[in-house]
Amino acid sequence: MNLKSLSLPELEAALAPAEPSPVAVRKVFAGVFAHARPTVEAVAQAPQVPRRVGDLLRAQAQMPSLTVVERRQAEDGFVKYLFESPLGGRIEAVRIPIFEEKYVVCVSSQVGCALACDFCMTGKLGFQRNLQTWEILDQVMQVRAEADRRVGGVVFMGMGEPLLNYKETLRAAQILSHPAGFSISGTAITFSTAGHVPAIRRYTREGHPFRLAFSVTSAIPEKRAKVLPIEKTHPLPELIEAIREYSETRRERAMIAYVAIQGFNLGREDAEALKVAFEGIPIKVDLIDVTDPTGKYLPPTAEELSAFRDHLQILKAPIARRYSGGKEIGAACGTLAASQYGGTVLPSPGVAPR
């Protein structure tokens with residue numbers, strides 16, 4: 001019984017032999033996630049947890065943890081965590097400061113990634129395995145335990161394609177958003193996908209409250225295929241129709257992530273291709289400068305990006321430039337690869353108030 005991997009209904013079923021009340025089940029769930037009690041014994045001794053439930057927990061439950069190998073802080077306040085799992089493999093998560101108000105945690109969903117996007121360092125690692133629910137949640141729990149302000153959002157934009165680990169990532173998001181779990185608003189939880197169409201359609205059918213961000217990077221299929229191999233499996237027209245269904249079902253603008261690459265996808269023809277592809281679909285476009293430590297792909301010049309934003313006015317859609325911070329510590333978009341970078345190596349801190 002892995003307490004860090006069970007949704008509330010799953011926990012209720014696991015505790016059924018002890019015949020707990022709904023209140024007792026909720027207290028155990030909150031003890032694990034909301035109050036972050038560190039051990040099974042601490043959860044078993046929590047207020048309003050009956051003795052018979054505590055005895056069952058002591059006999060059958062476990063609460064594994066990731067090991068923090070290292071923390072590195074960038075000058076802009078981004079902190080990258082390198083974790084090692086007892087199940088094998090190293091993963092990274094990033095603590096992102098949002099003004100002076102809160103943190104958002106960028107979590108990994110896989111060890112490595114199978115999609116091999118050409119500008120992404122994680123993709124160069126290849127795919128090793130999917131993370132379990134508890135491994136995803138423990139990234140947030142450990143960041144939260146050390147944070148000096150609240151964790152108010154989670155983005156599945158770290159290592160791996162979250163929709164290829166559908167069951168585990170969705171369960172994690174449900175626990176993150178549960179009032180007795182992490183109590184993070186569903187609208188503050190985002191899954192980034194490079195375009196796995198069957199999972200997108202499933203997600204839309206199931207009606208989850210969390211947001212999707214669609215990595216397009218080019219609306220010219222030949223260009224997209226050069227940097228996103230998934231284009232060969234799920235071609236752009238198929239992806240566009242899935243995005244249309246998502247937008248129409250949710251009655252909201254679809255978030256289109258567009259990695260800006262110098263001399264590659266920032267011309268007038270690229271803006272016109274976006275207009276044609278998304279005709280009739282309400283969208284908003286997030287421009288993200290490419291960060292490629294190999295030097296193969298370069299971020300746009302200021303002049304190039306400004307001209308492209310002018311071209312994008314034909315979309316009549318909101319355009320934003322997403323800040324990709326923590327570059328010197330390998331915390332920027334596309335640089336997570338469980339490897340060493342610069343920045344300041346942080347000592348293991350004490351537990352700060354959440």
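- We find that E168 and R171 are joined by a salt bridge, their nearest charged nitrogen and carboxylate oxygen being less than 4.0 Å apart.
- Residues Y297 and F308 are members of separate hydrophobic clusters, defined by side-chain heavy-atom contacts under 4.5 angstrom among Ile, Leu, Val, Met, Phe, Trp and Tyr.
- The local environment of NZ in K102 is crowded, with over 12 non-hydrogen atoms from other residues, nucleotides or ligands closer than 6.0 Å.
- Residues passing the side-chain contact (heavy atoms from CB on, under 4.5 Å) test with A320, sequence neighbours excluded: D286.
- With hydrogens and angles ignored, the 3.5 Å screen pairs no side-chain donor or acceptor of K275 with any backbone N or O of I314.
- A donor-acceptor contact closer than 3.5 angstrom links the side chains of E161 and T193.
- Ion pair K4/D138 flagged as a salt bridge, since at least one NZ, NE, NH1 or NH2 atom sits closer than 4.0 Å to an Asp/Glu carboxylate oxygen.
- Using a cut-off of 4.0 Å between Lys/Arg side-chain N and Asp/Glu carboxylate O, D55 and R52 are scored as not salt-bridged.
- Of the possible polar contacts, one joining the N265 side chain to the T217 backbone as a donor-acceptor pair under 3.5 Å is found.
- Using modelled atom types, no side-chain atom of T249 and backbone atom of Y246 make a donor-acceptor pair closer than 3.5 Å.
- A salt bridge does not link R72 to E328: none of the charged side-chain nitrogens sits closer than 4.0 Å to a carboxylate oxygen.
- Using modelled atom types, no side-chain atom of E12 and backbone atom of P9 make a donor-acceptor pair closer than 3.5 Å.
- More than 12 heavy atoms of other residues, nucleotides or ligands shown are found within 6.0 angstrom of CD on E206.
- For the residue pair E303/S306, the side-chain donor-acceptor check at 3.5 Å is not satisfied.
- Checked for salt-bridge contact, E269 and K223 meet the test: a charged N lies under 4.0 Å from a carboxylate O.
- Counted by atom type alone, Q62 and N2 present zero donor-acceptor pairs between their side chains at under 3.5 Å.
- Ring-plane geometry between Y81 and F83 is classed as parallel, the angle between the planes falling under 30 degrees on a 0 to 90 degree scale with a further cut at 60.
- Using a cut-off of 4.0 Å between Lys/Arg side-chain N and Asp/Glu carboxylate O, R129 and E135 are scored as salt-bridged.
- Side-chain N/O atoms of D76 and Y323 include a donor and acceptor closer than 3.5 Å.
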